[in-house]
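Take a look at the structure set out below.
Just so it is clear, the structure is predicted and the values come from calculations on it, not from any experiment. Below, each value reflects all heavy atoms present in this structure, side chains not excepted, and no hydrogens, waters or symmetry copies. One-based numbering along the sequence shown.
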Amino acid sequence: MPPLKPAAGLPADAISSDMVFEDNNLAQELFGSHHSHLARVEQKLNVVIHARGNQVTVQGGEEDVAAAADALNGLYARLEKGLGVDAHEVDAALRMASAGDGKVSDVELTIRTRKRHISPRSPNQADYLRAIDDVELVFGLGPAGTGKTYLAVAKAVERLIKGDVDRIILSRPAVEAGEQLGFLPGDMREKVDPYLRPLYDALHDMMPGDQVAKRLESGEIEVAPLAFMRGRTLANAFVILDEAQNTTAVQMKMFLTRLGEHSRMVVTGDLSQVDLPKGIRSGLRDAVDVLGGVDGVAFLNFTHKDVVRHPLVTQIVRAYDSVESKRKASARYEKGNGLNRQDDD
């Protein structure tokens with residue numbers, strides 16, 4: 001392909017990088033229908049891409065060109081492994097490439113379940129999956145939409161299917177009911193299901209409905225409120241505690257000490273969304289403070305950059321974080337100046 005003059009809108013020091021993809025069919029999948037995937041890369045990065053056959057030339061600033069090349073190579077590696085590429089995967093590859101850590105093509109981290117293949121869509125998600133493989137207790141902390149619980153459930157399903165564990169145990173504190181489930185109408189299943197629905201949804205995303213029902217019936221998959229964990233030892237299991245910010249310190253200690261032989265435990269939560277009564281310390285906050293230096297425990301902190309839902313969710317999380325930071329700064333200022341303003345909330 002002959003050299004091209006820098007396209008309009010590119011920096012004066014723009015560079016060009018030529019890439020050739022060996023398999024013509026995979027190259028066309030990589031480029032997308034009417035080159036839609038290449039157009040998406042151009043939109044996300046300040047680059048211009050020219051494609052001809054199985055070749056592309058990427059023009060732009062040095063960092064943008066490198067990120068585009070990393071993303072395209074990572075996506076091509078997915079296609080070589082028989083994995084699909086769509087707009088969401090393109091966005092994920094760009095997110096990974098822009099981090100500049102060389103982890104875009106970590107195809108080995110892809111989780112294979114009966115219904116879908118799930119890959120990390122941010123560097124933190126990749127580190128999270130590695131941590132789940134490497135240590136027995138992992139804490140995933142951060143806002144909604146970052147994949148903390150979803151990826152943990154996917155890992156659990158993968159290990160159950162492979163026979164690495166005998167059962168999956170999914171739990172949540174039923175904080176809205178104050179754990180006083182006896183006052184709610186219906187049998188026990190009807191009482192707790194509303195609080196555990198997100199966990200059921202994740203399971204159905206990864207396994208056929210009849211398989212989920214069968215494994216729930218046999219006990220291979222158990223979905224239960226945190227109150228049901230007391231007094232048990234959870235061996236040969238993949239155990240997940242979701243919404244852990246709504247546990248008390250006593251509940252968290254009780255849960256963590258259920259860990260048995262040949263088990264993995266993942267605890268997820270968002271410390272900015274604590275629903276406990278005022279004055280009660282979050283068990284998740286307590287665990288972060290107590291276990292920070294303990295070997296065999298990993299903490300992964302997600303941010304708005306890891307949000308993989310609708311793009312607007314990222315902006316919502318960022319806006320709330322910004323306002324919360326200003327409120328905390330204002331509170332510190334008032335406290336430091338001896339002010340006693342009544343809280344408006």
Side-chain angles (χ1 to χ4, degrees), residues 37 40-41 43-45 64 67-68 70-71 74-75 78 83-101 103-104 106 109-111 113 116-132 138-156 170 172 197-206 240-246 266-275 282 284-285 288 298-328:
H37 295 162
R40 200 169 186 86
V41 175
Q43 292 166 6
K44 299 288 184 177
L45 301 171
D64 284 338
D70 285 346
L75 292 168
R78 281 184 60 83
L83 302 172
V85 167
D86 58 17
H88 296 297
E89 293 299 340
V90 174
D91 289 347
L94 290 169
R95 192 181 299 115
M96 301 278 276
S98 296
D101 54 14
K103 296 179 181 177
V104 179
D106 275 340
L109 291 175
T110 297
I111 302 168
T113 66
R116 63 177 54 190
H117 294 156
I118 301 152
S119 301
R121 292 186 169 180
S122 74
N124 274 339
Q125 287 193 353
D127 290 339
Y128 184 54
L129 293 180
R130 287 192 186 89
I132 292 173
V138 176
F139 287 82
L141 312 172
T146 52
K148 307 181 302 294
T149 303
Y150 193 83
L151 289 175
V153 173
K155 266 293 184 187
L170 309 174
R172 267 186 159 196
R197 189 72 253 168
L199 299 176
Y200 285 113
D201 290 344
L203 285 173
H204 282 279
D205 252 11
M206 296 158 202
I240 299 171
L241 175 61
D242 189 31
E243 297 289 338
Q245 74 275 5
N246 290 326
V266 179
V267 178
T268 67
D270 179 0
L271 286 169
S272 70
Q273 297 291 326
V274 178
D275 296 321
S282 166
L284 182 57
R285 173 72 68 188
V288 170
F299 293 87
L300 277 297
N301 293 289
F302 295 90
T303 71
H304 63 82
K305 294 180 181 179
D306 300 296
V307 173
V308 293
R309 291 181 183 169
H310 191 286
L312 183 58
V313 176
T314 302
Q315 298 179 49
I316 292 170
V317 172
R318 187 184 291 119
Y320 271 98
D321 285 347
S322 176
V323 170
E324 186 64 24
S325 295
K326 291 177 182 177
R327 286 174 177 169
K328 288 180 179 178

Next item on the list: Kindly indicate, with the supporting measurements, whether the criterion side-chain hydrogen bond (donor to acceptor under 3.5 Å, both in side chains) is fulfilled by Asp306 and Ser122.
Entry: CA-CA 6 Å; Asp306 300 296; Ser122 74; 2.7 Å; yes
Next item on the list: Determine, step by step, whether Leu203 and Leu170 satisfy the side chain to side chain contact (heavy atoms under 4.5 Å, CB included) criterion, reporting the C-alpha distance in whole Å, the side-chain angles of both residues, the deciding distance to 0.1 Å, and the verdict.
Entry: CA-CA 10 Å; Leu203 285 173; Leu170 309 174; 3.8 Å; yes
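One N or O on the side chain of Gln245 and one on the backbone of Asp270 form a donor-acceptor pair closer than 3.5 Å. Here the side chain of Thr268 pairs no donor or acceptor atom with the backbone of Gly140 at under 3.5 angstrom. A donor-acceptor distance shorter than 3.5 angstrom exists from the side chain of Asn124 to the backbone of Asn301, with no hydrogens or angles considered. Not one N or O on the side chain of Arg78 forms a donor-acceptor pair closer than 3.5 Å with the backbone of Val85. The backbone N or O of Asn246 lies less than 3.5 Å from no partner atom in the side chain of Asp275, so there is not a single donor-acceptor pair.
For Ala126 against Pro120, the heavy-atom pair with the smallest separation is N-CB, 3.6 Å. The shortest non-hydrogen separation linking Ser282 to Ala244 is OG-O, 4.3 Å. Among all heavy-atom pairs drawn from Val307 and Arg95, the shortest one is O-NH2, 4.1 Å. Across every non-hydrogen atom of Arg116 and Tyr150, the tightest pair is NH1-OH, 3.2 Å. Nearest heavy-atom pair, Thr113 versus Ala154, reported as atom, atom and distance to 0.1 Å: CG2-O, 4.1 Å.
The number of heavy atoms from other shown groups lying within 6.0 Å of NE2 (His88) does not exceed 12.
No side-chain heavy atom of Lys155 sits less than 4.5 Å from a side-chain heavy atom of Leu151. Using a 4.5 Å heavy-atom cutoff, the side chains of Arg172 and Pro198 are in contact. Between Val41 and Val90, the closest side-chain pair of non-hydrogen atoms falls below 4.5 Å.
Leu199 CG to Thr149 OG1: the interatomic distance, rounded to the nearest 0.5 Å, is 7.0 Å. In this structure, CG on Asp91 lies 8.5 Å from CZ on Arg121, to the nearest 0.5 angstrom. Summarising the geometry, atom CG belonging to Asp201 is positioned 10.5 Å from atom CE belonging to Met206; distances are rounded to the nearest 0.5 Å. The distance from the CD atom of Gln43 to the CG atom of Leu94 is 10.5 Å, given to the nearest 0.5 Å. Taking CD1 of Ile132 as the start and CD1 of Ile111 as the end, the distance is 7.0 Å to the nearest 0.5 Å. To the nearest 0.5 Å, atom CG of residue Asp127 and atom CG of residue Leu300 are 6.0 Å apart.
With sequence neighbours left out, Asp64 forms a side chain to side chain contact (heavy atoms under 4.5 Å, CB included) with Leu45, Asn46, Val47. Remark: Tyr320 pairs with no residue by the ring pair (Phe, Tyr, Trp, His ring centres under 6.0 Å) rule, at least two apart or across chains. Listed by chain and residue number, Leu141, Phe299 satisfy the side chain to side chain contact (heavy atoms under 4.5 Å, CB included) test with Val288 (two or more places apart in sequence, or in another chain).
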